[in-house]
Amino acid sequence: MTIDLKLENGKLLIEDQLVPAEIGIDNGSIIKISRIVHEHADERVDLKGNIVLPGLVDVHVHLRDFKLSYKETLETGTMALAAGGVTCAVDMPNTLPPVNSYRTLVKRIDEAKGRLHVNVLFSAFPSKRDILKLVTLTYFFKIDFSRTYFLDFNPYNERELSEVFSKVSSETIVVAFHAEDTRETGGSWPMKASAETSAVKYILNWLVKFMNQHDGALKAHICHVTLPSTVKLILENKRKLKNLTMEVTPHHLLLSKRHLGKFKSVAKVTPPLRSSHTRRRLLRYFSKGLIDIVASDHAPHALTEKAEDVTKAPPGIAGAETMLPLLLNLVNKGVISLSLVKRVLHDAPCKLLGLKHDIYEGSRAHLTIVDMKARWKIRGEDLYSMSKLTPFEGVTVKGIPSITIVNGMIVMRDRVVYENVKPGEVINEWRRKDTVS
Ligand code: DOR
Ligand code: ZN
């Protein structure tokens, strides 16, 4: 028997140990994992001792497209993800037009087919009017407390919030919260730290009541936490709320206000970068394994927009390609372990999304292969994202993704993403099939 692809001379990360292994892939699935795979293969790749991780998942990206295609398209955004070693991502709904109705979500899904380099789940803003139809197409909803105008209800009104979700509450539904309370400090950038504290308190308080009434249904996910006190608050509430997770971005872990001074609009982001003291404590919490997930919050903007003064430029950092290298660099520096990277970029995201991406015989072949010895100097101009700007400009990292495999196809090798290889699937389609049958 001849199989499609054989990965030779690799190492698997199994419970903190690196175990030599070869992987045979056929028809998009892993068919053999063994010290030596004997089957003949059409293509053989010598991994030269590189480490094979299960395909990594970024639960927070803004792929733009639609009328914001001048910032990023589904093609360029998913190329950026593939370059960053990400095989699956969740797209955020603050597009133009926003994904806050059934009609727009259908359009989003239909337009994505055949254009994706990696797998994508399209999320939506919950809508009082359309919620029952929306759940036939997605299970990931976003509530942005800093931009409530995307919603057809008031999320600051607990009764309205409960009304929307009581119709669909289930353990498979994820609600992700952007926690910055505009009532606290007004909506203008940068919102104060107290806006985060206040929003998180409001959300947790509502969740406890809602979950009690609805038997613990819904998965609640707090996006991009920036304060150690927020982490503590969420950890305390995990005892009461079993499906509660939080995410942190690489920029909030590694950059502070100081970088805003240096990189100006390029480092402008929401929530804003905090003091170096706060950032260091956040990194310490993360390195202790207290934060569930790392996500890029990849938010590309056009060069001309970011050329504006920091007060006028739109907030957002294009982080899809730098997320994994920055974390691998922390592994090489001894700050975190590779197992923690796997936990925050694979295990916990997959659990949140209900995906099975593990490496086993019979699984779909979504793999992220990393070279822990290679160095890479981050340069905006080399990014696949249309936004050629990064506040990590000039930083040299040690440890990079060397190959990204999606549905059994190599989409990236040695930082080259294959423009014509688009094996990415729309994850929402799996749900559509489930609902129809
Ligand atoms: O900095 C940000 N940019 N934060 C957000 O919440 C939205 C994002 C964007 O869409 O540009
Ligand atoms: Zn975001």
Side-chain angles (χ1 to χ4, degrees), residues 58-74 76-77 80-81 86 89-100 108 120-125 140-151 155 174-182 187-191 195-196 199-200 203 221-226 230 246-253 255 257 259-260 263-274 293-306 308 310-320 322-323 349 385-387 389-392:
D58 188 343
V59 301
H60 191 154
V61 303
H62 298 262
L63 292 175
R64 314 291 194 208
D65 212 85
F66 280 170
K67 287 183 187 154
L68 299 178
S69 292
Y70 69 93
K71 294 180 195 254
E72 190 85 289
T73 65
L74 294 176
T76 58
L81 289 160
V86 173
V90 183
D91 172 60
M92 292 297 122
N94 63 333
T95 45
L96 188 64
V99 185
N100 57 6
R108 189 86 174 145
V120 176
L121 174 69
F122 292 99
S123 70
F125 289 115
F140 198 109
F141 294 96
K142 179 84 180 268
I143 294 191
D144 187 339
F145 279 91
S146 72
R147 299 180 197 86
T148 54
Y149 46 79
F150 291 120
L151 305 169
V174 180
V175 189
F177 298 94
H178 178 131
E180 279 188 298
D181 192 335
T182 47
S188 60
W189 186 90
M191 274 200 262
E196 178 169 314
V200 170
I203 293 162
H221 179 68
I222 313 288
C223 301
H224 41 51
V225 298
T226 69
T230 307
M246 66 183 122
E247 119 207 335
V248 69
T249 68
H251 46 269
H252 291 114
L253 287 175
L255 304 177
K257 270 186 200 151
H259 296 87
L260 185 63
F263 286 99
K264 311 264 179 339
S265 303
V266 175
K268 178 177 179 179
V269 69
T270 306
L273 299 176
R274 307 293 186 197
I293 288 175
V294 174
S296 70
D297 194 3
H298 177 73
H301 293 289
L303 212 67
T304 47
E305 294 172 319
K306 282 292 201 181
E308 293 273 356
V310 77
T311 55
K312 291 205 200 90
I317 289 172
T322 49
M323 173 171 69
S385 170
M386 278 166 68
S387 162
L389 299 166
T390 167
F392 295 102

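Note that ligands are numbered from 1 as they come in the structure, with each ligand's atoms numbered from 1 the same way.
- Between the side chains of E196 and T226, at least one donor N or O lies within less than 3.5 Å of an accepting N or O.
- Considering only non-hydrogen protein atoms, atom 4 (N) of ligand 1 sits nearest to T270 O, 2.9 Å.
- Heavy atoms from other residues, nucleotides or ligands lying under 6.0 Å from CG of L96 number more than 12.
- A tilted orientation is assigned to the rings of H224 and H60, their planes being inclined by 30° to 60°.
- Just one of V120, L68, T95 meets the side chain to side chain contact (heavy atoms under 4.5 Å, CB included) condition when paired with L63; it is V120.
- Remark: side-chain polar atoms of K71 are not paired, donor with acceptor, to backbone N or O of P300 under 3.5 angstrom.
- With a 4.0 Å heavy-atom cut-off, ligand 1 is reached by the side chain of N94 but not by its N, CA, C or O.
- Considering P315, P271, P93 only, the shortest heavy-atom separation from atom 3 (N) of ligand 1 involves P315.
- Interface atoms of ligand 1 facing V269, defined by a heavy-atom separation under 4.0 Å, are 1 (O).
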#### Entry: Step-by-step side chain to side chain contact (heavy atoms under 4.5 Å, CB included) determination, M92 to H298
CA-CA 10 Å; M92 292 297 122; H298 177 73; over 6 Å; no
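- Judged by the shortest distance from any of its heavy atoms, R64 lies inside the 4.0 Å radius around the atoms of ligand 1.
- With a heavy-atom cut-off of 4.0 Å, H178 touches ligand 1 through its side chain alone.
- Close N/O approach between H301 and ligand 1 is found [any backbone or side-chain N/O within under 3.5 Å].
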### Message
Let's go through F145 and H178 carefully: what are the C-alpha distance in whole Å and the side-chain angles of both, what is the deciding distance for side chain to side chain contact (heavy atoms under 4.5 Å, CB included) to 0.1 Å, and is it a yes or a no?
### Response
CA-CA 6 Å; F145 279 91; H178 178 131; 5.8 Å; no
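- There is no side-chain donor-acceptor pair under 3.5 Å between E72 and H62.
- Between E308 and K268 there is no salt bridge, since none of the side-chain N atoms of the basic residue sits less than 4.0 Å from a carboxylate O of the acidic one.
- Near A299, with a cut-off below 4.0 Å to any heavy atom, the atoms of ligand 1 are 3 (N), 8 (C), 9 (C), 11 (O).
- The option from R147, M92, H60 that lies nearest to atom 7 (C) of ligand 1, judged by heavy atoms, is R147.
- Sorted by chain and number, the protein atoms of type N, O or S within less than 2.8 Å of the Zn ion (ligand 2) are H60 NE2, H62 NE2, D297 OD1.
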### Message
Evaluate D65 against R108 for side chain to side chain contact (heavy atoms under 4.5 Å, CB included), listing each step before the verdict.
### Response
CA-CA 9 Å; D65 212 85; R108 189 86 174 145; 3.6 Å; yes
